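Have a look at the structure below, then the notes.
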2 protein chains.
Amino acid sequence: MAIMGYGVVEDRGNSLRVLDYGVITTPPDMETPQRLLHIYNSAADLIKRYSPDAAALEELFFNKNAKTAIIIGHARGAAVVACAGLGIDLYEYTPLQVKQSVVGYGRADKHQVQQMVKLLLNLKDVPQPDDAADALAVAVCHIHSSQMGRKLGNR
Amino acid sequence: MAIMGYGVVEDRGNSLRVLDYGVITTPPDMETPQRLLHIYNSAADLIKRYSPDAAALEELFFNKNAKTAIIIGHARGAAVVACAGLGIDLYEYTPLQVKQSVVGYGRADKHQVQQMVKLLLNLKDVPQPDDAADALAVAVCHIHSSQMGRKLGNR
């Protein structure tokens, strides 16, 4: 099952508010073209629904094997095209930047990040599943960084 | 400079006819979102112009490093979304299958493939650049294979 988490966070100046979060999932027997189209359409629907000022992605880390990297690249390409087609600026942050921004500590573990996401976004529980919590952390990181993050660059 | 070759070939039963070929290029300083959107739009324009029965891609080989694989995956994802969104069936062939189909010999070199593409498509010269010739070879392979190639699968 391919999963891509998302989180929509509103910056209210002195507080943050979650508008939406979740995961885009596709059934395991879905073929690549339909899967990528589903990711593209789902991302476009979210953008149209919330009209965000910007979108942020977690920067890919290159310690994956090439097969995994291509699968991630496919899905990411579909989501990026949806954002770019609708004129949404894209930023990206490394996992280290996300941890530093959300927890204040680059070596924070997943549990610490999730607890801080819960706290900062004033949620009753840690958001589930993990991919959605991760996406919210990237959104918080982007707001904290006041868009100082690296704009999705030339690659 | 990111380059993606394409070739449009018509199957006339007992002969093949080239309708178009070339490369989708993006300037080196273009940022990823705009680059992927350009690939998406260019692929969609080609599909709308020629209404092909199917599209075929060269299967990715996994001996690349992860960074290269992600870059290829991004571009491929953008093109796949364009095809899928317009209802075009996608097939993929390994370089070995393309060589076997076009030259009849899986270990054929680039030069042999290009000469056979020129011959089979009744062209005066070897198509340029190489990426366009490669794309035409994949198209010829697909027609030769009578769509017996692996439909772009689940990954």
Side-chain angles (χ1 to χ4, degrees), chain A residues 1-2 4 24 26-44 47 54-92 149-155, chain B residues 1-2 4 24 26-44 47 54-92 149-155:
Chain A
M1 177 103 60
M4 180 176 277
I24 301 169
T26 54
D29 60 342
M30 188 178 262
E31 290 185 339
T32 299
Q34 277 59 51
R35 192 169 62 75
L36 298 184
L37 184 62
H38 178 70
I39 291 171
Y40 169 84
N41 284 331
S42 302
I47 292 165
L57 294 172
E58 191 171 67
E59 192 168 318
L60 291 162
F61 30 106
F62 296 115
N63 56 353
K64 302 279 188 186
N65 70 49
K67 188 160 184 172
T68 305
I70 282 173
I71 294 169
I72 296 172
H74 276 167
R76 215 166 182 267
V80 168
V81 167
C83 292
L86 293 165
I88 305 300
D89 279 345
L90 267 162
Y91 295 81
E92 65 179 357
R150 192 165 79 76
K151 244 184 144 172
L152 193 62
N154 172 29
R155 76 159 70 122
Chain B
M1 177 103 61
M4 180 178 277
I24 301 169
T26 54
D29 59 343
M30 189 177 260
E31 291 185 337
T32 299
Q34 277 60 51
R35 192 169 62 73
L36 298 184
L37 183 61
H38 178 70
I39 291 170
Y40 170 85
N41 285 332
S42 301
I47 293 166
L57 294 171
E58 192 171 65
E59 193 168 316
L60 290 163
F61 29 105
F62 296 115
N63 57 352
K64 302 279 188 187
N65 69 50
K67 188 160 185 172
T68 305
I70 282 172
I71 294 169
I72 296 172
H74 276 168
R76 215 167 182 267
V80 169
V81 167
C83 293
L86 293 166
I88 306 300
D89 278 345
L90 267 162
Y91 295 81
E92 66 180 357
R150 192 165 77 79
K151 246 185 140 170
L152 194 62
N154 171 29
R155 72 162 70 127

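Quantities reported herein were computed from a predicted structural model and do not represent experimental measurements.
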Query - Distance, nearest 0.5 Å, that separates CG of B:Leu90 from CD of A:Glu31 - result: 9.5 Å
Query - Atom pair CG (A:Asn65) and CG (B:Asn65), whose distance is rounded to the nearest 0.5 Å - result: 11.5 Å
Query raised in the report: Which bit of A:Ile72 is near chain B, if near means a heavy-atom gap under 4.5 Å: side chain, backbone, both or neither?
Result: neither
Report summary line: Sorted by chain and number, sequence neighbours left out, side chain to side chain contact (heavy atoms under 4.5 Å, CB included) with A:Ala43 holds for A:Ala82
Query raised in the report: A:Ala69: what forms a side chain to side chain contact (heavy atoms under 4.5 Å, CB included) with it, not counting sequence neighbours?
Result: B:Ala66, B:Ala69, B:Ile70
Query raised in the report: Looking at B:Leu37, B:Ile39, B:Asn41, which one forms a side chain to side chain contact (heavy atoms under 4.5 Å, CB included) with A:Val81?
Result: B:Leu37
